[in-house]
Amino acid sequence: MTIFLHEMRQNTKMLVVWSVLVGAIIVVCMATFPEVKKQTDELREAFAMMGAFTSAFGLDKIDMMEPIGYYGLDCAAVLAFGGGLFAAFVGVRMLSKEEAEHTAEFLLTHPLKRSSIVAGKLAAVVAQVALFNLFCTVCAIASFALIGEELPWKTFWLFQLAQFLMHLEIACVSFGASALLKRGGAAFGLGLAALLYFLNMVANISDKWEFLRYITPYAYADPSSVIPNTAIAGEYLAFGMAYALIGVAFAFAWYSRKGIAP
């Protein structure tokens, strides 16, 4: 519990900044929907001329002129990508910073098992990702109320759940990597999140790259899949949760036996 509370206190500022920034962008973005809706015909014609980009962003599978479609494709893209960066950054620094900041020697002098240290830090990662998603969800609900549009609650909650699970997977995989890294963890985490986002775009463009959906968590959280079907793709989700568990298991196994330089 001491480790958990310490990490939560240490990361409070970063959590608040990321949450407020992404949440504010969601609200501002949804506030533009009434104006966008007035240009329905022009925008649909423009989307039809975008070629491969139409598929890459899922514009061929979801109606952006509907409030939930606009939220999923435009506003929640900020939540997906920004949240992925936040989750990766939090996860990848959690264990690696002890060596990068030369605090490992001090930490390991305490009467704590290494497994307890890892468990406390993992709990802090999960809590921060959950709080980030909770705040952004509240902002999304408020944004719909602001423009006077009704939310399709079942679809909305399912989509938000998919976003949370995606962020959680990225955080857990990054957490596993943090047990291995000594420095440069932030760059690795941010690069990983960006790469996974790009892989989902590639998979959307061509069927020959569809296998990438089994690699990137953005596949089961893709609004062009979740919103029209009101369902999360189970096979992709299963692979994603497996990757998350592998990341966590690796963190426990590696950190418990690694030699840590002070």
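Heavy-atom basis, side chains included; hydrogens, waters and symmetry copies ignored.
Sorted by first and then second residue, the pairs that involve residues 129-154 and meet side chain to side chain donor-acceptor pair (under 3.5 Å), not counting sequence neighbours, are Asn133-His167, Thr137-Gln160.
With contacts defined as side-chain heavy-atom distances shorter than 4.5 Å, the pair Ile215/Leu212 qualifies. With a 4.5 Å cut-off on side-chain heavy atoms, Tyr218 and Leu199 do not count as touching. A heavy-atom distance below 4.5 Å is found between the side chains of Phe175 and Lys121. Met8 is listed as a side-chain neighbour of Phe4, based on a closest heavy-atom distance under 4.5 Å. Within the 4.5 Å cutoff, the side chain of Leu168 has heavy atoms near those of the Phe164 side chain. For the pair Val90/Val129, no side-chain contact is recorded, criterion being any heavy-atom separation below 4.5 Å from C-beta on. With contacts defined as side-chain heavy-atom distances shorter than 4.5 Å, the pair Glu66/Tyr70 does not qualify. With contacts defined as side-chain heavy-atom distances shorter than 4.5 Å, the pair Trp18/Leu85 qualifies.
Residues Leu245 and Val92 fall into different hydrophobic clusters, defined by Ile, Leu, Val, Met, Phe, Trp and Tyr side chains chained together at heavy-atom separations under 4.5 Å. Residues Leu151 and Val27 do not share a hydrophobic cluster, defined by chaining ILVMFWY side chains whose heavy atoms lie under 4.5 Å apart. Following chains of ILVMFWY side-chain contacts shorter than 4.5 Å, one cannot reach Ile68 starting from Leu146, and the two form parts of different hydrophobic clusters. By the criterion of side-chain heavy atoms lying less than 4.5 angstrom apart, applied directly or through intervening Ile, Leu, Val, Met, Phe, Trp or Tyr residues, Leu161 is grouped together with Phe86 in one hydrophobic cluster. Tracing side-chain contacts under 4.5 Å through hydrophobic residues (I, L, V, M, F, W, Y), one reaches Leu131 starting from Trp157; they form part of the same cluster.
Counting all heavy atoms, side chain and backbone alike, Gly84 lies closest to Ile170 at O-CG2, 3.7 Å. Smallest separation of non-hydrogen atoms from Gly176 and Ala251: CA-CB, 4.0 Å. Between Ala31 and Pro34 the shortest heavy-atom distance is O-CD, 3.4 Å. Closest of all the heavy-atom pairs between Ile26 and Ala140 is CG2-CA, 4.0 Å. Listed here is the closest heavy atom pair of Ala177 and Phe188: CB-CE2, 3.4 Å. The two residues Ala171 and Val125 make their nearest non-hydrogen contact at CB-CG1, 3.7 Å.
Atoms OG1 and CG, from Thr155 and Asn229 in turn, are 10.0 Å apart once rounded to the nearest 0.5 Å. In this structure, the separation between CG on Leu165 and CD1 on Ile232 is 6.0 Å, given to the nearest 0.5 Å. The line from OG1 of Thr32 to CE of Met30 is 8.0 Å long, rounded to the nearest 0.5 Å. Separating the CZ atom in Phe89 from the CG atom in Asn11 is a distance of 8.5 Å, to the nearest 0.5 Å. How far CD1 of Ile25 is from CG of Asp74: 11.0 Å, rounded to the nearest 0.5 Å.
In this structure, Ser19 contributes its side chain and Val16 its backbone to no donor-acceptor pair below 3.5 Å. Judged by distance alone, with hydrogens and angles left aside, the side-chain atoms of Asp222 form a donor-acceptor pair with the main-chain N or O of Ser224 at under 3.5 Å. The backbone N or O of Ile3 sits nowhere less than 3.5 Å from a side-chain atom of Glu7 that would complete a donor-acceptor pair. Using a distance-only test at 3.5 Å, with no hydrogens or angles considered, no donor-acceptor pair links the side chain of Glu210 to the main chain of Ala203. Side-chain N or O atoms of Arg213 include none that pairs as donor or acceptor with a backbone N or O of Asn200 at under 3.5 Å. Between the side chain of Thr216 and the backbone N or O of Leu196, at least one donor-acceptor pair lies under 3.5 Å.
Residues Tyr220 and Glu169 have side chains that bring a donor and an acceptor to within less than 3.5 angstrom of each other.
Aromatic ring orientation, Tyr71 versus Phe159: perpendicular (interplanar angle above 60°, classes split at 30° and 60°). Using cut-offs of 30° and 60° on the angle between ring planes, the pair Phe144 and Phe156 is perpendicular.
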Extract all donor-acceptor atom pairs below 3.5 Å that involve side chains of residues 234-244 and protein atoms in other chains or at least two apart in sequence.
{"from": "Glu235", "atom 1": "OE1", "to": "Tyr214", "atom 2": "OH", "distance (Å)": "2.9"}
{"from": "Tyr243", "atom 1": "OH", "to": "Tyr214", "atom 2": "O", "distance (Å)": "2.7"}

